[in-house]
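Small disclaimer: the values here were computed from a predicted structure and weren't measured. Indexing begins at 1, ligand by ligand and atom by atom, following the structure's order. The figures that follow rest on heavy atoms only: side chains count, while hydrogens, waters and symmetry mates do not.
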Amino acid sequence: MTFNERTSNERVVLAYSGGLDTSVAIGWIAQATGAEVVAVACDVGQDGEDLEVIRQRALACGAVESVVADLRSEFASEYCGPALRANALYMDRYPLVSALSRPVIAKALVAAAQTYGAKTVAHGCTGKGNDQVRFEVGIAALAPYMKVLAPVRDSGMTRDKAIAFAEERSLPIDVTKKSPYSIDQNLWGRAVETGFLEDIWNAPIEDIYEYTQNPSTPREPDEVVIGFTEGVPTSVDGERVTVLKAIEILNQRAGAQGVGRLDMVEDRLVGIKSREVYEAPGAIALITAHQELENVTIERDLARFKRQVEQRWAELVYDGLWFSPLKVALDSFLTEASRSVSGEVRMTLHGGRAVPTGRRSEASLYDFGLATYDSDDTFDQGLAKGFVELWGLPSKLAAARDQRLASSAE
Ligand code: ARG
């Protein structure tokens, strides 16, 4: 069978990145299954290579159709927005950059499968990572009868074989150009792994960063005021913005100050510990500002409980369960908990950090009269005496009992 003589009209929708693996996968899948391949390249704000060039490349590699899905606004408002409301940080640090993009891509793949009459979706993930799980579990949740092909994982498409395949067929892809790193990037941040980073004692070098400047380079600090409405950003320095725009601005401004770099060893869902270097300037700046506004506007017990929900939410999303019933139910909680999270936070961006320096809100629970130590104090200190006594009563009773028993045992 040659490239263009297909034996069947079955169609497969492939998540296409434009790299070696997915370029080879087009012909590989066609050869292995006789199906026609529809390539779908997703724009999740990754910048870098021109997506029209990538779209054309898929056609040159034998795809029968090739489309670019612009998912930026949807990704910003339906995925990054909720992650911000959840202050989502896996293992208290990682803002879920790749984990957030997989479900929106899965949704676009399923939509393309419906448009192009495909019953199968394909991806280029290996069997060692989280992304295979996120794609496949996401696709199954959206279209339970869809079949999945994973040629890199399941049909022996190793790197050497992929290079040989590309050379044999003169695919328009420079096999020597492949970077030593595996990189995944989008609007919410950038992840870099493999190469010399696999030795976890090796420090990251400046070369691997693209979204952030070196935080230790001397420069003037930048002051920014971020406005939120019900937990999502709606203004920057007083100008109304979409969520997408807010993230783009903060990526630039916080990135220029080296904010949001992160080097960590993380627990993958498949059980492996792996080392990843991240840079997420917009995400980290926005989460920092958002947490600060929550401190002022969310009632104490709700805030304490929300922190537990946040951790669980981040784990579910990391583990590929974006569309799961528990995650959806937690979203309802987060929406309700964010009702009062409107107002503004002023921050200084400098030296790799985003530091809040001011907050104001119509929904503030901060009461100057109650908090002040000045003469305007409205707090009735007389109430504290009885409160403290009753609050400590259970511990006091238990301690007295323990001492009594200890001395009678002597
Ligand atoms: N470890 C991250 C996650 O599972 C990122 C995965 C993709 N990373 C990469 N460098 N290709 O969410």
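For the pair Ser182 and ligand 1, the shortest N or O to N or O distance falls below 3.5 Å. An N or O contact shorter than 3.5 Å links Tyr94 to ligand 1 by distance. Ligand 1 has an N or O atom lying under 3.5 Å from an N or O atom of Glu266, backbone or side chain.
Nearest protein neighbour of atom 9 (C) of ligand 1, counting heavy atoms only, is Glu276 OE2, 3.4 Å.
Atoms of ligand 1 found under 4.0 Å from any heavy atom of Tyr278, numbered from 1 in the order shown, are 1 (N), 2 (C), 5 (C). Residue Asn130 has at least one heavy-atom neighbour below 4.0 Å for each of these atoms of ligand 1: 3 (C), 4 (O). Near Asp131, the atoms of ligand 1 lying under 4.0 angstrom from a non-hydrogen atom of the residue are 6 (C), 7 (C). Per-residue contacts place Ser98 under 4.0 angstrom from the following atoms of ligand 1 (heavy atoms of the residue considered): 5 (C), 6 (C), 7 (C), 12 (O).
Look at Arg55 and Glu52 and you find a salt bridge, because one of the NZ, NE, NH1 or NH2 atoms lies within 4.0 Å of a carboxylate O, short of that distance.
Within the cation-pi definition used here (under 6.0 Å to the ring centroid, within 45° of the axis), Arg134 qualifies as a partner of Tyr318.
Defined by atom type and a distance below 3.5 Å, a donor-acceptor pair is missing between the side-chain atoms of Asp222 and His350. Of the N and O atoms on the side chains of Gln311 and Tyr90, not one donor lies less than 3.5 Å from an acceptor on the other residue.
The residue Tyr90 has no part lying near ligand 1, judged by heavy-atom distances below 4.0 Å. At a heavy-atom distance under 4.0 Å, atoms from both the backbone and the side chain of Glu193 approach ligand 1.
At least one heavy atom of Arg134 sits under 4.0 Å from some atom of ligand 1.
For the side-chain contact (heavy atoms from CB on, under 4.5 Å) criterion with Val44, the lone passing option out of Phe75, Trp188, Tyr79 is Phe75. Applying side-chain contact (heavy atoms from CB on, under 4.5 Å) to Trp322 and the options Leu316, Val328, Leu100 leaves one that passes, Leu100.
Considering every non-hydrogen atom in both Ala30 and Val37, the closest pair reads N-CG2, 4.2 Å.
Aromatic ring centres of Phe333 and Trp313: separated by at least 6.0 Å.
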